[in-house]
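Data block below; observations after.
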Amino acid sequence: MTTYLLSVGSPDLIGTAARGAIISTFLVFIGLCLLWVFTLATQDDDPERLYVAGRSLPPVLNGVAMAGEQITVVILVSLPGAIALFGYDGVSTAVDSALALGVFLLLASRIRATRRYTLGELFSLRAEGPGVRIAGAVVTLCIAVPLLMVQLRAGGITAALLIGMPSERAQVVCTVLMGFLITCFAGVADLRGTSFVQAAKVPVALATLAAVTLLALRLFDWSPGSLLSAAMDKSVSPDEYLSPGLWEHSAGGGTLGTLSDHIVVILGTAMMPHLLLRVSASRDVPAARRSLSVAVGLTGLFYLLLITTGFAAAAVVGGGRIGAVDVKGQGAPILLASEVLPHHSTGRVVLITLVACVAFLAALTAVASVTFAAAVSVTRDLLGRKGRTRIGIGEPAVLRLSVVALCAVSLLLTTAVHRYPIEFLLAFSLSLAASCVFPALVYSFLWSGFDRRGLLWLVYGGLALCTLLTLASPAVSGTRYALLPEQDFNLFPLHTPGLVSVPAAFLLGWLGSARPWERTTHHRHTAPGPTPDRGAAGGRVDSGGNVRRG
């Protein structure tokens, strides 16, 4: 059995009358966005200005852009659906995502103070050498490529919903077209250009979510209690809607599975490589703190609106209809926007168009940010100065080629596995960030004994553990929503490996750096034994062990 992300033959969400106007406006918006990005693109060859905008972004602008980094297309279309279908479990995931910036706040000042902005450079704080930088680049790529695949897939699905063609072929075509557009954007963008687009996306997204929520609340006489009651009544399981365990993904592992999911979402979201570039663009450490304060406030507001949008979708549309379109609820925002106003009104067309534009902006900026951070790591950590000299290409050109190559590989992989549900790759990326990046940065900043061997053990050990445990988990086989539902080789009971991989990575880092077995061996070989007293001048030991003079 093949699990499709969208059900073939799903109902038309928009209607024939409104579709032409929505698609035309949407295409005009895409063209204006790309034109704006080309005007913002810098021609400066200075790496500092290219990668971190010369560390000159104002705190408020950088803070709004940092909040924009949290508004991805996956979050925008998936979380409201998860809340609409699964209630408490979806809200819990939203709260975890909102807490992530608080964790990042604990390390952001230290990261900015180092003036380093790739994982390879940060890993080199305690352990110099090309192997350390390569490890940073490997982790960055292993986080970025699965994340890009999920983002591109979600963007293509949203476009397929808008044109009213949820078939498998339409999904693939829309994903490819969206991928080409985003590649054009990412190929010319730098951090300064993406910062302006991210900053513009935040108020548009917040205003759109607020408008959808208020229009839904109006249908229930402005009573939040009535809306929540309707959401429970129209959900797939009214009695369990506000209790944990309704989401099959989180219910499988019990309390330990829920704890593992919390660890992965909070630590993984906080340790994404593109956030390192963002905080490094601040003028200084105080500016970085101010930027994060702005980002935390806006991100909290975004997730609050997202939670209310999820409940509104359940109350207005109903969990049964949302699940009929997409078993994971990714059509919920568009379904809600199409139902809160009369079907033949101009306002409905405008609202659906706004939701579509926000989704496109979210896909555009999310893919560009992740790709740009990964390309910077490839340019500086994987190739390095000697590698760039050997191939005879300047640093900006290597960066652009890396961006295009990463987008092309991710798009090719996404289209190759279009028949399979690949949403577990998002959890895999977050698990890698939580298991490989967070422990390494904590040790690098707080433990002077952390060295090269400990770092490599931590990074590659965490990477291997996450990969093996994910492959052996219910996310890949043995469950209805698994990658291979007909197979059953899940030896690891939890959907995410964070509960095991994060402590194990800390342990591997300590073992590799402290090497307690070497101290034990050294003490064993140098243990004190009976020694003669040679304090007297000319003393020597006779056959009986006595000291004699002379």
Side-chain angles (χ1 to χ4, degrees), residues 1-19 22 73-74 76-91 93 153-172 174-175 212 216 219 227-242 246-251 306 309-341 343 348 351-352 355-356 359 418-424 479-483 485:
M1 181 183 69
T2 302
T3 304
Y4 295 96
L5 199 58
L6 286 177
S7 303
V8 177
S10 296
D12 186 359
L13 309 184
I14 298 172
T16 306
R19 184 181 300 112
I22 291 172
V73 65
V74 172
L76 193 65
V77 303
S78 296
L79 268 185
I83 294 167
L85 292 175
F86 310 116
Y88 176 91
D89 293 331
V91 173
T93 303
R153 177 73 168 271
I157 289 168
T158 304
L161 281 171
L162 284 172
I163 63 175
M165 296 176 63
S167 65
E168 178 187 338
R169 182 175 300 177
Q171 292 177 47
V172 175
C174 289
T175 300
V212 172
L219 299 177
L227 186 145
L228 184 59
S229 297
M232 294 174 59
D233 294 337
K234 290 187 177 181
S235 68
V236 293
S237 182
D239 295 334
E240 302 174 356
Y241 186 67
L242 296 181
L246 184 59
W247 196 350
E248 182 178 337
H249 169 81
S250 60
L306 213 59
T309 301
F311 285 132
V316 175
V317 182
R321 187 180 173 195
I322 292 173
V325 174
D326 170 20
V327 294
K328 296 191 176 181
Q330 295 196 35
I334 296 177
L335 277 166
L336 178 61
S338 67
E339 293 293 332
V340 291
L341 289 172
H343 275 233
R348 177 176 179 267
L351 191 60
I352 295 175
V355 172
H418 69 274
R419 289 178 172 270
Y420 301 95
I422 59 171
E423 289 73 28
F424 79 96
T479 59
R480 186 158 55 103
Y481 296 123
L483 175 68

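Everything numeric here is computed off the predicted structure, so don't read it as measured data.
For the side-chain contact (heavy atoms from CB on, under 4.5 Å) test, residues two or more places apart in sequence or in another chain that qualify with Leu306 are Ile75, Leu76, Leu79, Pro80, Leu209, Phe302, Tyr303. Taking Ser235 as the reference, nothing meets the side-chain hydrogen bond (donor to acceptor under 3.5 Å, both in side chains) condition, with sequence neighbours excluded. Residues meeting the side-chain contact (heavy atoms from CB on, under 4.5 Å) test with Val74, sequence neighbours left out: Thr72, Ser78, Val150, Gln151, Ala154, Leu426. Qualifying side-chain contact (heavy atoms from CB on, under 4.5 Å) partners for Ser229, counting only residues two or more places apart in sequence or in other chains: none. Qualifying side-chain contact (heavy atoms from CB on, under 4.5 Å) partners for Ala356, counting only residues two or more places apart in sequence or in other chains: Phe26, Leu162.
For the residue pair Ala337 and Val340, the shortest heavy atom distance occurs at O-CG2, 3.8 Å. Here the closest heavy-atom approach between residue Ala314 and residue Ala84 is recorded as CB-O, 3.6 Å. In terms of heavy-atom proximity, Tyr241 sits nearest to Ile83 at OH-O, 2.7 Å. Looking at every heavy atom in both residues, Tyr88 comes nearest to Leu242 through CB-C, 3.7 Å. The two residues Tyr420 and Leu483 come nearest to each other via the heavy atoms CB-CD1, 3.5 Å. Closest approach of Ala315 and Leu227 over heavy atoms only: CB-O, 3.4 Å.
Looking only at side-chain heavy atoms (C-beta outward), Arg153 and Gln330 stay at 4.5 Å or farther from each other. Under the 4.5 Å side-chain criterion, counting only non-hydrogen atoms from C-beta, Thr175 is not in contact with His418.
Ile322 contributes atom CD1, which lies 8.0 Å from atom CG of Leu336 (distance to the nearest 0.5 angstrom). To the nearest 0.5 Å, the span separating SG on Cys174 from CZ on Arg169 amounts to 13.0 Å.
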